[in-house]
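In what follows, residues are counted from 1 in the order of the sequence shown. Remember, it's 1-based here, ligands and their atoms both numbered in the order they're listed.
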Amino acid sequence: MDIRELIPIAKKASEKAYAPYSGFKVGAALLTKSGKIYQGCNVENASYSLTNCAERTAIFSAVADGEREFSALVVFTNTDILFAPCGACRQVLSEFGNEIEILIVSKDKEKVTTIKELLPLGFSLNQNKK
Ligand code: THU
């Protein structure tokens, strides 16, 4: 599956974002090595720090469904500029390996990146542990 096929799924996921505080809606689509797709959106909270990002929503949903091996992630924001995953999401992504292909997408821009690029010298005890 081409990673770009995940873009409409990430876009649709962003429409489900619960972002009454920031108004910043993010959608994620995560492809597992087994071929399943999990979506995620950001879920905010009145106690701001409890907010969960779209990327982590998708990852946690997949892991809760028994999936731990991922091949691609698309993150979409309906913005003019590109936004890359936050530091917390980079750390959580790196827990599940360095191989995942990441595509960040805005209204009319796209950029392919990797965990190694996003999180150089990252902290990991079990990079390849399944
Ligand atoms: N957000 C994400 O969903 N993913 C990121 O990687 C960065 C930020 C969300 C969290 C919050 O709901 C809003 O964007 C503004 O920070």
Which residue holds the protein heavy atom closest to [atom], what is that atom called, and what is the gap in Å?
atom: atom 15 (C) of ligand 1; result: S22 OG, 3.7 Å
atom: atom 16 (O) of ligand 1; result: F24 CD2, 4.7 Å
atom: atom 12 (O) of ligand 1; result: E44 OE2, 2.5 Å
atom: atom 9 (C) of ligand 1; result: N42 ND2, 3.5 Å

Count I, L, V, M, F, W, Y as connected when their side-chain heavy atoms are under 4.5 Å apart, and connections chain through other members. Are [X] and [Y] then in the same cluster?
X: F24; Y: F76; result: no
X: I104; Y: I81; result: yes
X: I100; Y: V26; result: yes
X: F70; Y: L103; result: no

Look at atom 6 (O) of ligand 1 and find which of E55, R56, R90, K25 reaches it with the closest heavy atom. E55
Among C86, A28, A58, whose heavy atom sits nearest atom 7 (C) of ligand 1?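 Answer by nearest heavy atom: C86.
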Where does C53 meet ligand 1, judged by heavy-atom distances below 4.0 Å: at the side chain, the backbone, both, or neither?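 Near ligand 1, C53 shows its backbone as well as its side chain.
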Given the protein's heavy atoms, is any one of them under 4.0 Å from atom 3 (O) of ligand 1? yes
Are any of the N/O atoms in T51 less than 3.5 Å from those in ligand 1?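 Such a contact does not occur with ligand 1.
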V26 N/O to ligand 1 N/O under 3.5 Å: no
Only one of E69, R68, E67 forms a side chain to side chain donor-acceptor pair (under 3.5 Å) with S34, so which one is it? E67
D2 side, atom CG; E101 side, atom CD - distance, nearest 0.5 Å: 7.5 Å
Kindly indicate, with the supporting measurements, whether the criterion side chain to side chain contact (heavy atoms under 4.5 Å, CB included) is fulfilled by V43 and C41. CA-CA 6 Å; V43 183; C41 62; 4.3 Å; yes
Please tell me if the side chains of I59 and L93 come closer than 4.5 Å, counting only heavy atoms from C-beta onward. yes
Could you list which atoms of ligand 1 come closer than 4.0 Å to a heavy atom of P85? 6 (O)
